[in-house]
Amino acid sequence: MKRLSLLLLAWALALPAQALNIFACEPEWAALAQELAGDKTSIYSATVGTQDPHRVEARPSLIAKARRADLRICTGAELEVGWLPVVLRESANPAIQPGQLGAFEAAAYVTMMDVPTRLDRSEGDVHPGGNPHIQLDPRNYLPIAQALAQRLAQLDPVNAASYQQRHASFHQNWLAAIARWEKQAAPLKGQPIAVQHKGFPYLENWLGMKEIVALEPKPGMEPSAAHLATVLGKLQTQPVRMVLRAAYQSPRPSEWLAERAHIPSVELPFTVGGDGVAKDLYGLFDDTLTRLLAGLK
Amino acid sequence: MKHYLLLGLALCAPLNAVAASDEELRTLRDELKQLKENYQQRLEQLESRLQQAEQRAAEMPVAAPVAQVRSEPAASAYNPAISLILAGTYGNLQLDPAIPPTGFAMSAHSPASQGFNLGESELGFSASIDPRFRGVATLALGAAGGVSVENAFIDTTALGNGVKLRFGRFFSGLGYLNEVHAHAWDFVDQPLVYRSLWNNQLGEDGIQLKWLAPTDTFVELGAELARGRGFPGSDRTKNGSGAGVLFAHVGGDVGASHNWRVGASLHQTQQSDWQSAGVPDLLGTPGGVTDAFTGDVRTGGVDFVWKYAPDGNSSSTSLKLQGEYFRRQQSGLLSYNLATTDSYAVTQSGWYLQGVYKFMPEWRVGVRYDQLDPGTATVGALNAANVISSYGYTPRRTSVMFDYSPSEFSRLRLQFARDQSRLALPDNQMFLQYLMSLGAHGAHGY
């Protein structure tokens with residue numbers, strides 16, 4: 001008994017100081033958590049920037065990480081519906097189940113776009129809560145960061161002042177960055193574009209770009225050659241400046257179209273880590289704009 | 001800023017003025033004026049931008065969740081998630097599938113079907129019951145009509161510390177494929193080892209306890225106590241449990257592209273008067289005889305699965321490699337032709353190895369090799385002249401499949417198999433299959 005308690009004591013001492021364990025479903029939320037709580041927490045991102053966020057597997061490592069998480073930060077709006085429920089169930093961690101303090105869903109704090117009026121699987125992979133790719137409008141991060149800072153303070157009251165302070169400075173820097181990006185992106189306003197997947201409505205809304213056509217016949221369906229030919233036909237009457245795709249997507253449909261329509265095919269990082277430049281949230285938008293502006297030339 | 005600039009220019013100006021002519025001074029003055037106007041303009045622009053930004057920040061919604069307007073009545077909001085799997089196959093086989101693999105006539109046998117048939121259609125319900133429990137039920141729609149309860153269990157959700165309790169009717173956590181529902185199999189049928197040793201899948205009525213270790217590497221330990229309803233157990237009507245299972249799983253990632261899981265399991269049960277018809281014997285009785293076995297059945301197994309996707313992006317290409325091995329020891333009493341009873345012991349085993357490669361979005365190809373070892377039985381003296389102790393044959397099968405999944409909810413499959421599981425009765429088999437999922441989006445396990 002005595003030996004056992006000594007062992008337990010040694011084990012307790014060997015544990016590092018109790019830092020918040022954060023489980024981020026997507027890299028953009030890991031990056032935001034880094035901005036708000038970098039030194040006070042241990043952050044794990046379940047997906048990497050080169051991964052299709054719709055198709056993630058409930059890998060054993062995710063279950064192990066979720067088991068110890070104090071807070072999970074996910075997009076919500078059913079983006080993670082294909083894998084997160086299994087991870088949450090298998091993790092047997094009551095703290096991060098839906099509705100708990102340890103469950104943070106970013107989509108709850110922004111105005112959702114493309115909320116479907118008709119729910120039917122014949123419409124493809126539509127999400128009842130609206131388009132979940134909210135990470136491409138920088139203005140969305142302001143309310144999300146505010147809510148997240150509050151949540152961090154609730155979970156870890158000892159460091160509450162630090163979270164508030166870091167949030168205040170993030171807020172200022174982010175506002176200044178938005179102003180800078182908006183100025184830089186002025187030439188993109190009103191430009192007609194095509195997209196491979198309907199993953200950019202928030203970016204288009206922010207920059208005032210006009211989506212003329214999507215290459216996927218329905219969200220989540222691979223475009224067939226016949227469908228691409230139809231899209232090409234439409235571009236004869238309604239020309240676009242470029243075709244956009246996310247880094248995780250196959251370049252083939254975009255490049256097929258770009259070659260025939262004589263427009264640039266632009267690959268965007270889509271999230272933090274989508275390419276070598278988008279290393280943090282600022283890099284994500286810097287790089288996205290650089291690539292979009294290069295597409296105009 | 002403006003003032004410093006002017007001051008700086010003013011300080012510089014006298015130094016230059018010494019050598020400058022009137023005309024030069026005028027140009028300088030004009031330039032200065034222009035510069036001043038430029039800066040004034042840019043400052044004003046910046047100021048107005050700042051004002052706009054501040055105004056916008058003030059207008060930003062305070063972190064209040066956007067209320068989702070829901071039109072459905074409250075009653076339906078509490079209904080469980082419902083999913084319906086519609087599946088069917090067309091099988092083209094040269095031989096009667098009811099003939100069991102050589103040396104496994106005393107196993108339960110669920111043969112493949114010929115012609116058109118409603119395969120593994122099933123109806124699933126699941127929902128949280130209260131903050132502590134979650135319930136799941138899966139009803140299998142029988143090909144010949146009728147509905148059977150495949151799964152009906154309760155999970156605890158709030159025990160914490162990585163502990164989970166499940167009770168009811170469930171698929172045992174042993175091996176890798178045992179918990180996978182038929183609609184998620186990578187081939188039309190189960191490997192021979194599952195078909196022969198577990199009657200496709202071990203389903204139990206009982207209780208399961210799982211514990212997930214608080215480590216970065218996935219370590220899961222599990223134990224089950226059950227009625228012994230599923231083969232190789234035999235249903236009983238008495239107190240206590242009829243079967244026990246222990247299992248352990250370990251898994252993790254290697255970089256972003258690879259992930260894996262390995263496992264080991266032990267299963268123990270007693271068979272009581274397990275009768276098998278049509279068992280071949282040394283006397284060569286036409287149609288075989290009916291034998292009964294009573295005794296202990298112990299099975300151990302190991303399993304692994306390894307998945308690869310470039311950069312973790314499995315939507316365009318991925319590779320999945322998996323294999324399992326099970327070894328079963330049986331010892332007890334055998335009643336030959338339900339008449340002559342003496343001791344009987346045998347060790348049988350089997351394994352499979354399969355790879356499934358997604359070579360482009362929506363398309364996959366897979367290969368599987370299956371093998372069984374019927375073992376050599378130790379037969380008591382009374383039955384030495386009746387029971388075949390060794391068949392001297394290794395049942396095996398090779399299968400190749402192609403499937404096409406237009407979406408996450410639909411899949412069409414073509415499978416060919418060269419089945420040599422029965423001595424001197426090689427069979428070429430062809431299957432066509434559809435798997436469609438309606439309703440709630442069921443997230444799949446690993």
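A, B, ... follow the sequence lines: proteins, then strands. Residue 1 opens every chain. It should be emphasised that the depicted structure is a prediction, and the values quoted were computed from it without experimental measurement.
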Q: Given side chain to side chain contact (heavy atoms under 4.5 Å, CB included), test A:I63 with B:L212 step by step and report yes or no.
A: CA-CA 9 Å; A:I63 296 166; B:L212 183 63; 3.6 Å; yes

Q: Side chain, backbone, both or neither: which part of B:T157 has a heavy atom under 4.5 Å from chain A?
A: backbone

Q: For B:K307, which residues count as a side chain to side chain donor-acceptor pair (under 3.5 Å) partner, sequence neighbours excluded?
A: A:E57

Q: With a 4.5 angstrom heavy-atom cut-off, is it the side chain or the backbone of A:D52 that approaches chain B, or both, or neither?
A: both

Q: Using a strict 4.0 Å threshold on nitrogen-to-oxygen distance, state whether A:K65 and B:D216 make a salt bridge.
A: yes

Q: With a 4.5 Å heavy-atom cut-off, do B:R261 and A:S61 have their side chains touching?
A: no

Q: Does NZ or CZ of A:R59 fall inside the cone over B:Y446's six-membered ring, less than 6.0 Å from its centre and within 45° of the axis?
A: no

Q: Examine whether an atom of B:T217 lies under 4.5 Å from a heavy atom of chain A, and if so say whether it belongs to the side chain, the backbone or both; otherwise answer neither.
A: backbone

Q: Relative to chain A, which segment of B:W211 carries a heavy atom at a distance below 4.5 Å: side chain, backbone, both, or neither?
A: side chain

Q: Heavy-atom distance under 4.5 Å to chain A: side chain of B:A213, backbone, both or neither?
A: backbone

Q: Donor-acceptor check, side chain of A:T50 to backbone of B:D311, threshold 3.5 angstrom: yes or no?
A: yes

Q: Do A:Q97 and B:R134 come within less than 4.5 Å of each other through their side chains, counting heavy atoms only?
A: no

Q: Considering non-hydrogen atoms only, spot the tightest contact between B:K164 and A:A92 and give its length.
A: CG-CB, 3.8 Å

Q: Any residues in residues 217-228 of chain A near chain B, with a heavy-atom distance under 4.5 Å, and which are they?
A: A:M221, A:E222

